[in-house]
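Notes follow the structure.
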Amino acid sequence: MKIFLLTGQSNSLGAVKGSPASPELLKKYEPKETLYWHENFGQREGVFPGASTSWEQVRPAMPRYNGNLCMGPEYGFAFTLEKNGWFKDADVAVVKASRDGGDNSHWRKNGQAYRTLVQAVKNACAGVDRSKYSKVEFAGLLYLQGESNAGTSVPESASRFLELLGNLAADLKPYGDTSALAAQKAVLGENANWAGKNESDPETGNLTGGLEGRDTEVQGKTTRQVMKDLAESRPSLGYAPTRDLPKLTAGDQMGVHYSGQSQISIGARFAYEAARLAGKDTGSVRSGRYDLPLGSPDAWMNRKMPGKNVCVWNVASSVKPSLVSGGGEVVWYPCGGSGRQDCYRPEQGKFRRPFGNRAGRYSPGGGEKFAVEDECTAGGPAVLEYSGWFCRGD
């Protein structure tokens, strides 16, 4: 069994409040195989009622805000790993213990978050069927925290995170193989900014995350920059951008919490990075690095550019459209060279297949937009060669 640990504050918790993922999205991206253990907790309440007492299926879970259950990156993470089959050599599990707020001091050795996370792992491992699983391996840490950092917790974000990894590697040894944690195998999620405002893209109508917002700065540093620099300095660390994704439209006015749909994308990005760190071939899928052009290697999930004018778009990708100047023709290639085609054109609010089960060309016109559906029976997402046209995910 490979266990990924997920922790952090409210966006890791998934306080989607009044903007949960729709039932249609939850069904479409539903994980069905990944094992799940959750012990989420509050600053005052401790572990919330409804925490796991046995291994479950990944699903929205306690606590509730505005009547909606919380859902963090675990949903999109598990779905994306399952869909791509990156860890077929073992059953994958997620142990989640996320807090409703607080700076990174709570994840230090004797902090509430650290103690709760370690206890959740102990409880989860006690529930492992040892007749089925002869080995438990902690495959890495998924960390989404930083909005509440202030004072020394800002400039010390990197050192405290590395301290967290070291403490977990030592303290979880009795419960499984911690070599990945000792090797600092982890994915850092970009912490959200405050007072962000969603924007509607004038070309597509897509709702995108407002990139302008407030970051807490201490000694000329922000948590975002400190953690991004850390991830870029160590090959064992991955980085999952988030700020291009929509915030809540109902539930609070803080401009810091992501919607349920955004959480699915964040989880997918965590999955791509976790798989890349494990040496899996993740393919060329457009990343959420909204600050980079398509010509940059870091604009792609595997940090390797595909061929000229070739774009792969799926649920992990940024909802901001990318424009490649040129002629306006779209060329589609079947997934893996065979199987059901996977390109759709929106038409009166519905999708239809323009090519059937074969490769083909489609030249959009009249202001239509060409969309890429991210499911394919023959393997990965569809590949589009395009120029002069917006290509967007759903």
Side-chain angles (χ1 to χ4, degrees), residues 1-8 12 29 31-37 58 72-96 121 124-125 128 133-144 161-162 164-166 168-169 172-173 175-190 227 230-241 264-289 297-298 300-304 306 312 314-317 374 379-381:
M1 176 188 284
K2 290 182 182 292
I3 297 178
F4 288 92
L5 310 180
L6 171 61
T7 192
S12 175
Y29 298 114
K32 297 182 179 179
E33 302 169 4
T34 305
L35 298 169
Y36 184 46
W37 189 285
V58 179
E74 65 277 359
Y75 206 86
F77 177 81
F79 170 84
T80 303
L81 290 188
E82 290 179 16
K83 176 186 171 182
N84 290 284
W86 284 322
F87 294 97
K88 292 181 178 179
D89 58 326
D91 285 352
V92 174
V94 174
V95 174
K96 176 180 177 180
V121 173
C125 288
V128 170
Y133 300 108
S134 59
K135 180 181 179 180
V136 171
E137 172 189 345
F138 299 108
L141 177 64
L142 312 176
Y143 188 73
L144 186 55
F161 177 73
L162 296 177
L164 169 63
L165 282 173
L168 289 172
L172 298 183
K173 266 188 177 182
Y175 310 100
D177 182 354
T178 62
S179 57
L181 296 174
Q184 300 180 342
K185 194 70 65 70
V187 181
L188 301 174
E190 179 183 36
M227 297 301 274
L230 175 65
E232 291 175 350
S233 71
R234 296 175 184 254
S236 64
L237 299 179
Y239 187 75
I264 294 174
S265 293
I266 294 170
R269 294 175 184 182
F270 270 98
Y272 268 92
E273 284 293 83
R276 181 184 64 80
L277 294 174
K280 310 298 181 180
D281 182 6
T282 58
S284 294
V285 173
R286 180 72 166 99
S287 79
R289 291 294 299 276
D298 283 337
W300 300 87
M301 283 291 179
N302 65 348
R303 298 182 181 176
K304 295 179 181 178
V312 184
N314 75 357
V315 66
S317 304
D374 70 341

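We count residues from 1, following the sequence as given.
Glu82 places a side-chain N or O within donor-acceptor distance of the main-chain N or O of Glu33, the cut-off being under 3.5 Å. A donor-acceptor contact shorter than 3.5 Å links the side chain of Arg269 to the backbone of Pro241. In terms of modelled atom types and a separation under 3.5 Å, the side chain of Gln184 and the main chain of Leu165 share no donor-acceptor contact.
For Ala275 against Phe87, the heavy-atom pair with the smallest separation is CA-CZ, 4.2 Å. Shortest non-hydrogen contact noted between Lys2 and Ala139 is CB-CB, 4.2 Å. Annotation for Cys125 and Val136: closest pair SG-CG1, 4.4 Å, computed over non-hydrogen atoms. For the residue pair Val58 and Ala78, the shortest heavy atom distance occurs at CG2-CB, 4.0 Å. Considering every non-hydrogen atom in both Tyr75 and Pro31, the closest pair reads O-CG, 3.4 Å. Glu273 approaches Gly238 most closely through the heavy-atom pair OE2-CA, 3.3 Å.
Considering only heavy atoms from C-beta on, Phe138 stays 4.5 Å or farther from Leu168 through its side chain. Contact check for Leu142 versus Pro73: no side-chain heavy atoms found under the 4.5 Å cut-off. Within the 4.5 Å cutoff, the side chain of Lys280 has no heavy atoms near those of the Asn84 side chain. Residues Tyr143 and Leu164 have side chains in contact (heavy-atom distance under 4.5 Å, counting atoms from C-beta outward). Annotation: side chain of Leu81 is not in contact with side chain of Thr34 (no heavy-atom distance under 4.5 Å).
Judged by the 6.0 Å distance and 45° axis criteria, Lys96 is not positioned over the aromatic ring of Tyr36.
For the atom pair Asp177 CG and Met1 CE, the distance stands at 14.0 Å (nearest 0.5 Å). For the atom pair CZ (Phe270) and CZ (Phe77), the distance works out to 9.0 Å, reported to the nearest 0.5 Å. The CD1 atom of Ile3 sits 13.0 Å away from the CG atom of Leu141 when rounded to the nearest 0.5 Å. With rounding to the nearest 0.5 Å, the separation of NZ in Lys185 from CG in Leu237 is 10.0 Å. Between atom CG of residue Leu230 and atom CZ of residue Phe161 there is a gap of 7.0 Å, rounded to the nearest 0.5 Å. Here CG of Leu188 is found 4.5 Å from CE of Met227. Values are rounded to the nearest 0.5 Å.
Note on ring orientation: taking the six-membered ring where Trp is involved, the planes of Tyr272 and Trp86 are perpendicular (angle over 60°, cut-offs 30° and 60°).
Thr7 is linked by a side-chain hydrogen bond (donor to acceptor under 3.5 Å, both in side chains) to Trp107, counting only residues two or more places apart in sequence or in another chain. Considering only residues two or more places apart in sequence or on other chains, Tyr239 meets the ring pair (Phe, Tyr, Trp, His ring centres under 6.0 Å) condition with none of them. Residues satisfying the side-chain hydrogen bond (donor to acceptor under 3.5 Å, both in side chains) test with Thr178, not counting sequence neighbours, are none.
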